[in-house]
Amino acid sequence: MIDIKGIKKSFGPLQVLKGIDLHIGKGEIVSIVGPSGAGKTTLLQIIGTLDRPDSGTVVIDGTDTGTLSSRKLADFRNRRIGFVFQFHQLLPEFTAAENIMIPAFIAGKSRREAARRAAELLDFMGLSGRSGHKPAELSGGEKQRVAVARALVNNPAVILADEPSGSLDSRNKAELHRLFFDLRDKFGQTFVIVTHDEHLASMTDRTIQMNDGLLAGESRAGSGTAAEAAGNDGNTI
């Protein structure tokens, strides 16, 4: 599903990613953990085509994203990748349903089709009664579930989440974490989640450790231990 090979990225003299090789299978829920500055968010942004690597390739569902023009890349991103951020990033002037529909409009879908899909997702999220509410009228947990629904509206192959529960209280965190697995079971998406939340990381199928721009190891759900990454560079998992 996602094949990453030889990814390097620098910002000026600072090399943030030093050669990343990683495969993520279809339907996997993978967490990426590590200290601040390890390169987690930069890697997620490159997977999501929001940034380009200095070298290396990212292949998603058979498409080498590095070969796409800027216009084709934007279309690919909108249709094939969904994003969930720490802070929901909902547009305050639009209702919950309208916020969910926006990516569908960008993809060229009719209002009727977008509204039908938004209603389906709101129902799945338990938010049918909140569809006409604007973000200021929603709780933190509700806003984040609307953001997840927005990420899903075009039925993307991949959902990328950056600290998705970082701004939530413990009850809403637990609900959001469980929701990711329910969504995977229902819709079959692949999830890649950058998180500092140890509980969320422990739930995922695989946890990838990053440190100093390299992959440092991995653990699998229930394994309790981290496997050493291949080679001395710690860059292949």
Met125 vs Val146 side-chain heavy atoms within contact, under 4.5 Å:
no

Take a 6.0 Å sphere around NZ of Lys5 and say whether it holds more than 12 heavy atoms from other residues, nucleotides or ligands.
no

Does Phe187 form a side-chain contact (heavy atoms from CB on, under 4.5 Å) with Leu121? I'd like the steps, not just the answer.
CA-CA 11 Å; Phe187 299 113; Leu121 290 167; 4.0 Å; yes

Passes salt bridge (charged side-chain N to carboxylate O under 4.0 Å, His left out), Glu175 versus Lys173? Steps please.
CA-CA 5 Å; Glu175 290 181 358; Lys173 278 185 180 183; over 6 Å; no

Closest heavy-atom pair and its distance - Ile100, Val153:
O-CG1, 3.4 Å

Determine yes or no for a side-chain-to-main-chain donor-acceptor pair under 3.5 angstrom, with Gln45 supplying the side chain and Thr42 the backbone.
no

Nearest heavy-atom pair of Arg206 and Ile208: which atoms, and what distance?
NH1-CD1, 3.8 Å

Interatomic distance, Asp123 atom CG to Ser128 atom OG [nearest 0.5 angstrom]:
4.0 Å

Quick check against the 3.5 Å criterion: does Lys40 have a side-chain atom that pairs as donor or acceptor with the backbone of Pro35?
yes

Euclidean distance, Leu152 CG relative to Arg150 CZ, rounded to 0.5 Å
11.0 Å

Flag, side chain of Asp61 to backbone of Met1, donor-acceptor distance under 3.5 Å
no

Is any side-chain heavy atom of Thr65 less than 4.5 Å from a side-chain heavy atom of Arg77?
no

Which heavy atom in Leu73 sits nearest to a heavy atom in Arg52, and how many Å separate them?
CD2-NH2, 3.4 Å

So do the side chains of Asn99 and Pro135 get within less than 4.5 Å of each other, counting heavy atoms only?
yes

List the steps and the verdict of side-chain contact (heavy atoms from CB on, under 4.5 Å) for Ile193 and Val30.
CA-CA 6 Å; Ile193 306 168; Val30 173; over 6 Å; no

Within the side chain of Thr207, is there an N or O that forms a donor-acceptor pair under 3.5 Å with the backbone of Ala201?
yes

Nearest 0.5 Å please: distance from the CD1 atom of Ile47 over to the OG1 atom of Thr190.
11.5 Å

Side-chain heavy atoms of Leu183 within contact of Phe124, under 4.5 Å:
yes

Assess whether a salt bridge exists between Arg71 and Asp75, defined as any Lys/Arg side-chain N lying under 4.0 Å from an Asp/Glu carboxylate O.
no

Residues Arg80, Val158; criterion side-chain contact (heavy atoms from CB on, under 4.5 Å); working and verdict:
CA-CA 6 Å; Arg80 305 298 290 156; Val158 177; over 6 Å; no

Surrounding CD of Glu198 (heavy atoms of other residues, nucleotides or ligands, distance under 6.0 Å), is the total greater than 12?
no

Is the shortest side-chain heavy-atom distance between His199 and His177 below 4.5 Å?
yes

Do Glu163 side-chain atoms and Phe85 backbone N/O form a donor-acceptor pair below 3.5 Å?
no

Is Arg117 positioned over the aromatic face of Phe105, cation under 6.0 angstrom from the ring centre and no more than 45 degrees off axis?
no

Taking Ala216's backbone N and O only, do any of them form a donor-acceptor pair with Asn211's side chain (distance below 3.5 Å, no angle check)?
no

Do Phe76 and Ile106 land in one hydrophobic cluster if side-chain heavy atoms of ILVMFWY residues count as linked below 4.5 Å?
no

Does one hydrophobic cluster hold both Leu122 and Phe94, with members joined at side-chain heavy-atom distances below 4.5 Å?
no

If only atom types and distance count, is the side chain of Thr195 paired as donor or acceptor with the main-chain N or O of Asp197 below 3.5 Å?
yes

Check Ala151 against Val84 and note the closest heavy-atom contact, atom names and distance.
CB-CG2, 3.9 Å

Do the side chains of Leu44 and Val192 get nearer than 4.5 Å, heavy atoms only?
yes

Value rounded to 0.5 Å, distance of CZ in Arg130 from CD in Glu142:
4.5 Å

Is the backbone N or O of Pro103 less than 3.5 Å from a side-chain atom of Asn154, with the two atoms forming a donor-acceptor pair by type?
yes

Any chance you could lay out the side-chain contact (heavy atoms from CB on, under 4.5 Å) test for His23 and Ile4, step after step, and finish with the verdict?
CA-CA 6 Å; His23 173 77; Ile4 300 162; over 6 Å; no

Would Lys134 and Glu93 pass as an ion pair if we require N to O under 4.0 Å?
no

Identify the heavy atoms of Thr95 and Gly132 that sit nearest to each other, and give their distance.
CG2-O, 3.4 Å

Answer yes or no: does atom NE2 of His196 have more than 12 heavy-atom neighbours from other residues, nucleotides or ligands under 6.0 Å?
yes

Please say whether the positively charged group of Lys9, taken as NZ for Lys or CZ for Arg, lies over the ring of Phe11, i.e. under 6.0 angstrom from the six-membered ring centre and within 45 degrees of the axis.
yes

Are Val194 and Met210 close enough that some pair of their side-chain heavy atoms sits under 4.5 Å apart?
no

Just do the ring-ring contact (aromatic ring centres under 6.0 Å, His included) check on Phe191 and Phe181 with the steps written out, would you?
CA-CA 9 Å; Phe191 282 78; Phe181 291 86; 8.1 Å; no

Atom OG1 in Thr41, atom CG in Leu160: separation rounded to 0.5 Å?
11.5 Å

Test: Arg178 and Asp182 ion pair at under 4.0 Å:
yes

Is the side chain of Gln189 donor-acceptor paired with the backbone N or O of Pro156 at a distance under 3.5 Å, no angle test?
yes

Any chance you could measure Ile46, atom CD1, to Ile20, atom CD1, to the nearest 0.5 Å?
9.0 Å

Ignoring hydrogens, what is the shortest heavy-atom contact between Ala97 and Ala118? Give both atom names and the distance.
O-CB, 4.1 Å

Answer yes when Asp205 and Arg184 have at least one side-chain N-carboxylate O distance shorter than 4.0 Å, and no when they do not.
yes

Less than 4.0 angstrom from a charged side-chain N to a carboxylate O is my criterion; do Glu113 and Arg111 meet it?
no

